[in-house]
Amino acid sequence: MTTTDSDKVSPPEGKAGKGADARANDADRLPARPEHAQGAGAFGFPVHPQRSAATGEVHARPAPSITAPRALLKLCFITDGGASVDQAVLAELSRQHGVAPPAETARHHRIRTGPGSLWWERHTEASTYLWEGPLPEAAGEALTGHPFGDAFPAPGSLIAGVRIDIRPHDDAYEKWLQPFDRQTLCLSSTEAGRAIVATDFRQNQDGLTRVLILDKGMTPQRTGSLAQRLFDIEIYRTMAMLGLPVAQSLSPRMRKVEDRLAELTHRMREIEPGGAEVLLDEIIGLAGQLEADAASSLYRFGASRAYDEIVGDRLTALDEESVPGYDTWRSFLERRLAPAMRTCRAVEERQANLSRKLARAANLLRTRIDVEVEKQNRDLLESMDRRAKLQLRLQQTVEGLSVAAVSYYVVGLFAYAIKGVGGQLPGLSTDALIALFVPVTILSIWWVVRRIRQRHLGRDKAAD
């Protein structure tokens, strides 16, 4: 752009000049804009440290592109030794296949294994290994070429294993259903009729849950997504069931606490003075036992709820259409999985209700103890009041004696003084003067003592 003469003219004195200075000062107060460099965002703006993680999460679990026929084998391990053991296993597998190991913070990794691929994924309390490879021609034939075997260094204890066979659909698809148990076979149509999925939710001789997908013309991406959804249903429903043994083990313990609490509450009605402390100690012991069990099961019940919700989401996304003569996946799992989850929720609710009841019983006992303490304090105050009255009477008695004693000494001193100076009044002897002085002295001293006591009482009332 060519600069004209008018562009070179300086602003005149006055408002224009002051406005330019103000804009310069405002510019000085604005934060400096970073240069375009690595880590800069759109238009060079600074990037939030968690932006990459937040935006990349939607792409964190890419589904493999699969074309039938193909076999998928997925194992889920509870990482008992933590992420370090899992990382060491993955690093060893990567070195065996000539692949660089992933970073310690990585949650996904892929390894080429000859005719197939191995996909690793880290979860909160588990890790999964998915192998994708060639499918045998026979329906019941074992898979070959996968890395799982005696030489595979398992990162933890196996919790779930799933095998999915993906085959093209044909009119003779019944032959692929022969390895399944007909009593529990679930078969349904999905992907708008472009696929049929089948399983019996039983483990074969290899300890794997068999799943069959009959492809009716899905794209490779949709096939991979469907397989991933079926893997999630089987693995997460198994993970959700981990809460059931915990609930079953806690139920009898909670029953004992409930019976003990009922016994203690009956004893509360016939409690004797001074016995509330013993009952309160027992209730606190029961509450401690219950809270320890609740704390130990808190994570497991929460995880079971989360896994159950994931299974429900995956079943909804599966969008099944029933096939006459067979159960759907949803109907089968709702009959088996839902009661177990209701048991877990019932035990968790029992824990919460029992905790509230223990807290109420403890509050009642504390109230009873507070009432007894108030009674003791009242009796103590009454006894202190009686002692104060006795002390007041004694003090008044002492004050009367002190008036007599002080008057005696004052009259004695007066007698000594009168006799010493030989003073007398006309018509009155020395003894008569002393006798007249006695009542005057007594009344004067009594008045002085009374004034002093009233002054002290006035100060006490003002202080109150």
Side-chain angles (χ1 to χ4, degrees), residues 58-74 110 115-117 119 121 128 130-141 143 146 160-182 184-202 204 208-238 309-335 337:
V58 295
H59 307 289
R61 300 186 65 199
S65 298
I66 302 171
T67 303
R70 206 64 173 168
L72 300 176
L73 181 58
K74 192 169 189 177
R110 183 182 181 185
S117 298
W119 305 70
E121 184 178 359
T128 57
L130 169 63
W131 178 78
E132 172 258 333
L135 178 66
E137 295 184 2
E141 189 175 348
L143 295 178
H146 60 79
V162 188
R163 170 183 170 178
I164 296 182
D165 293 352
I166 305 175
R167 298 182 181 274
H169 183 273
D170 53 28
D171 295 336
Y173 74 89
E174 287 285 343
K175 62 182 177 180
W176 307 120
L177 302 178
Q178 294 179 358
F180 295 102
D181 184 356
R182 291 286 175 165
T184 60
L185 177 60
C186 299
L187 187 144
S188 58
S189 176
T190 185
E191 294 293 325
R194 288 190 292 271
I196 291 179
V197 292
T199 185
D200 57 3
F201 292 102
R202 295 188 181 276
N204 60 8
L208 303 174
T209 302
R210 293 285 300 272
V211 178
L212 173 65
I213 298 178
L214 297 177
D215 186 3
K216 288 186 174 183
M218 291 187 297
T219 63
Q221 291 77 16
R222 295 303 305 169
T223 304
S225 298
L226 176 60
Q228 189 178 64
R229 195 175 303 127
L230 299 179
F231 276 130
D232 288 347
I233 291 174
E234 174 60 19
I235 291 176
Y236 286 125
R237 71 104 178 173
T238 305
E309 291 176 2
I310 293 175
V311 173
D313 292 341
R314 298 298 186 270
L315 288 172
T316 301
L318 195 58
D319 193 18
E320 298 175 272
E321 296 178 4
S322 61
V323 176
Y326 297 98
D327 270 347
T328 62
W329 288 49
R330 177 181 287 278
S331 62
F332 180 87
L333 290 178
E334 285 181 349
R335 290 197 305 270
L337 183 61

[atom1]/[X] to [atom2]/[Y] distance, rounded to the nearest 0.5 angstrom?
X: T209; Y: L230; atom1: OG1; atom2: CG; answer: 12.0 Å
X: E132; Y: I66; atom1: CD; atom2: CD1; answer: 5.5 Å
X: L226; Y: M218; atom1: CG; atom2: CE; answer: 5.0 Å
X: Y173; Y: L212; atom1: OH; atom2: CG; answer: 10.5 Å
X: S225; Y: E191; atom1: OG; atom2: CD; answer: 7.5 Å
X: T223; Y: I166; atom1: OG1; atom2: CD1; answer: 6.0 Å

Could you tell me whether the side chain of [Y] reaches within less than 4.5 Å of the side chain of [X], counting heavy atoms only?
X: R330; Y: T316; answer: yes
X: F231; Y: L72; answer: yes
X: L315; Y: E334; answer: no
X: I233; Y: L333; answer: yes
X: D170; Y: L214; answer: no
X: I164; Y: T199; answer: no
X: V211; Y: E234; answer: no

Which heavy atom of [X] sits nearest a heavy atom of [Y], and at what distance?
X: C186; Y: T328; result: SG-O, 3.9 Å
X: P179; Y: W176; result: CD-O, 3.5 Å
X: R70; Y: G116; result: NH2-CA, 4.2 Å
X: A195; Y: K216; result: N-CB, 4.3 Å
X: I235; Y: A160; result: CG1-CB, 4.1 Å
X: V311; Y: R237; result: CG2-N, 3.4 Å

Before you tell me yes or no, could you show the steps for T67 and D215 under side-chain contact (heavy atoms from CB on, under 4.5 Å), namely the whole-Å CA-CA distance, both residues' side-chain angles and the distance that decides it to 0.1 Å? CA-CA 9 Å; T67 303; D215 186 3; over 6 Å; no
Could you walk me through whether K175 and E137 pass salt bridge (Lys or Arg N to Asp or Glu O under 4.0 Å), step by step? CA-CA 12 Å; K175 62 182 177 180; E137 295 184 2; over 6 Å; no
Is E321 salt-bridged to R194, going by a charged N under 4.0 Å from an acidic O? no
Ionic contact status for R210 with D200, cut-off 4.0 Å: no
Quick one: does any side-chain atom of E320 pair with a main-chain N or O of W329 as donor and acceptor, under 3.5 Å? yes
Report yes or no: does S65 contribute a side-chain atom to a donor-acceptor pair with the main-chain N or O of P220 at less than 3.5 Å?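 No, the answer is negative, given that no donor and acceptor are paired below the 3.5 Å cut-off.
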Using the six-membered ring wherever Trp is involved, compare the ring planes of F332 and F201 and label them parallel, tilted or perpendicular (cut-offs 30° and 60°). parallel
Go through it in stages, so that I can follow the logic: the residues are Y326 and R182, the test is side-chain contact (heavy atoms from CB on, under 4.5 Å), and I'd like the CA-CA distance, side-chain angles, deciding distance and then a yes or no. CA-CA 9 Å; Y326 297 98; R182 291 286 175 165; 3.2 Å; yes
Could you go through F180 and L187, starting from their C-alpha distance and side-chain angles, then the distance that decides it, and tell me whether this counts as side-chain contact (heavy atoms from CB on, under 4.5 Å)? CA-CA 11 Å; F180 295 102; L187 187 144; over 6 Å; no
Partner of L73 under side chain to side chain contact (heavy atoms under 4.5 Å, CB included), chosen from L208, L130, D165: L208
